[in-house]
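Each remark here refers to the structure printed beneath this line.
Here the structure is a predicted model, which means the values were calculated and not measured.
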Amino acid sequence: MPCRKCKEEPVIKLPNSEVSLCKSCFYKYFEKKVFKTIRDYNLIEKGDHIGVAVSGGKDSTSVLSLINEFAKERRDVKVTAIAVDEGIKGYRDESLANLKRFCEKEKIELHIFSYKEAFGKELDTIVKKFPRPCSICGVFRRYLLNTGAKKLKCTKLATGHNLDDEAQSIMMNQFRRNVKVSARLGPITGVLKNKDFIPRIKPLYFLMEKEVATYAFLKGFIDKYSECPHTSASYRGNVRDFLYDFEAKFPGTKHNIVLSFLEVLPLLKKNEEYKGSLNYCEICAEPCSQKVCQACKYVETVVKQI
Amino acid sequence: MRVFIERSNEYKEVKAISVKELLIHLKLNPTAVLVVKNGVLVTEDAPLKEADEVKILSVISGG
């Protein structure tokens, strides 16, 4: 079946659809969807300095490339790449090398913050004592991205989260009865507006993982797709696999999960109970909901025990 | 034909006349993979010949 638009050889059959597109029509489809998300949700505003959270992987490199293209048309928008080095040998070192090459080629300023420098240990060391480190890693990564973005005076932090990621998060929160956390999801995250919280934007929000992988492959951003070696045993890994299997049997499920969620998100955000109270960590002075932030708690209870 | 499966880093010998048939044979989810035939990305509808070089990439990446 040739490309639906121009009859050239197709490179992708769009998810949940019989529409096949060639490379050039797919680029147009993908980029149009990203720029529409940016417009519809006002993700990038006048004068924004966008910190793009990057790892060198398919999602973040794609979003960095597109935001960089967007900023070239808008002189008032600045772009900086922010990476976190968790210290995962054979995975992060390779993707960061890829990232450095990309940023050099595109002349994008890149800043890297590491677990070793910030918290004292690499993830490969932490995982020897705590074999399911995803919760710890997530807290540490978000901490470094938030503090890094503030240090660099970013007004927004863009991430490469795609529709699959969002569907997984929504379902994880449902399964764990964690609706309060879902209030922070969406194409632009956050419940409380505060100068110490940099809003996060997700330009790839409505694109599926396969679509992003296809874009990154065709653009030559990466030549291999690797998974964090600590992921598959995680709760998210299980939810991810379940959703992939379910989607294969019932196409459109992931889209429906996200679209249904977006209908109730405004109600969740209005709920005062979900806003929580804002405190400042007694140890690092970062904003948090308790006396000590989760990152500092993990440093005390996990890192210092190793 | 010889098929390289990146996720498991292995080669397999498979007989299939289309990408769709290949993925069914290998029990792979079409929404979770990219299929590269002779260096070019193809869809599930693409035909396959014995002499084709096929690589299967998992789209699931990151952490």
Side-chain angles (χ1 to χ4, degrees), chain A residues 1-3 9-16 18 20-21 23 26 55 57-60 86 88 91-92 95 123 134 137-138 141 160-162 164-165 208-214 216-218 222-232 234 236-237 240-241 243-245 247-249 251 254, chain B:
Chain A
M1 197 177 286
C3 173
E9 278 304 309
V11 294
I12 184 172
K13 189 183 263 189
L14 296 180
N16 187 28
E18 288 302 310
S20 294
L21 296 176
K23 181 168 154 175
F26 175 66
S55 62
K58 68 181 192 304
D59 303 288
S60 57
E86 306 96 334
I88 306 173
Y91 172 67
R92 186 54 75 222
S95 66
L123 197 76
C134 292
C137 189
R141 191 182 315 110
H161 287 98
N162 56 51
D164 278 64
D165 296 316
M208 293 185 79
E209 185 157 36
K210 177 160 179 169
E211 292 173 311
V212 184
T214 301
F217 178 87
L218 293 171
I222 55 174
D223 55 14
K224 79 182 233 186
Y225 300 88
S226 50
E227 211 182 340
C228 175
H230 309 302
T231 290
S232 53
S234 68
R236 180 178 283 274
R240 176 201 66 204
D241 291 345
L243 283 176
Y244 262 102
D245 289 342
E247 179 77 26
K249 290 181 197 148
K254 290 179 197 174
Chain B
M1 79 202 71
R2 216 155 150 249
V3 179
F4 177 65
I5 302 168
E6 193 197 41
R7 204 171 190 198
S8 50
N9 199 30
E10 60 178 333
Y11 283 93
K12 287 197 171 175
E13 276 296 332
V14 186
K15 277 187 166 51
I17 58 164
S18 69
V19 169
K20 196 171 191 168
E21 194 181 285
L22 174 69
L23 296 179
I24 291 171
H25 183 92
L26 293 172
K27 295 188 175 52
L28 291 174
N29 185 335
T31 68
V33 298
L34 299 185
V35 179
V36 182
K37 180 178 93 169
N38 303 326
V40 175
L41 197 55
V42 292
T43 69
E44 295 141 56
D45 298 326
L48 292 174
K49 293 195 298 275
E50 183 56 35
D52 287 330
E53 266 188 35
V54 180
K55 191 160 71 167
I56 300 180
L57 310 174
S58 169
V59 307
I60 297 172
S61 59

### Query
Looking only at heavy atoms, which of residues 13-28 of chain B get nearer than 4.5 Å to chain A?
none

### Query
Tell me, do A/I12 and B/L41 make a side-chain contact under 4.5 Å, heavy atoms counted?
no

### Summary
For A/K210 and B/V33 the tightest heavy-atom approach is NZ-O, 3.1 Å

### Query
Taking atom OH of A/Y244 and atom CD1 of B/I60, what is their separation to the nearest 0.5 Å?
4.5 Å

#### Entry: Rounded distance (nearest 0.5 Å) linking atom CG of B/L34 with atom OG1 of A/T214
4.5 Å

### Value rounded to 0.5 Å, distance of OG1 in B/T31 from CD in A/E211
11.0 Å

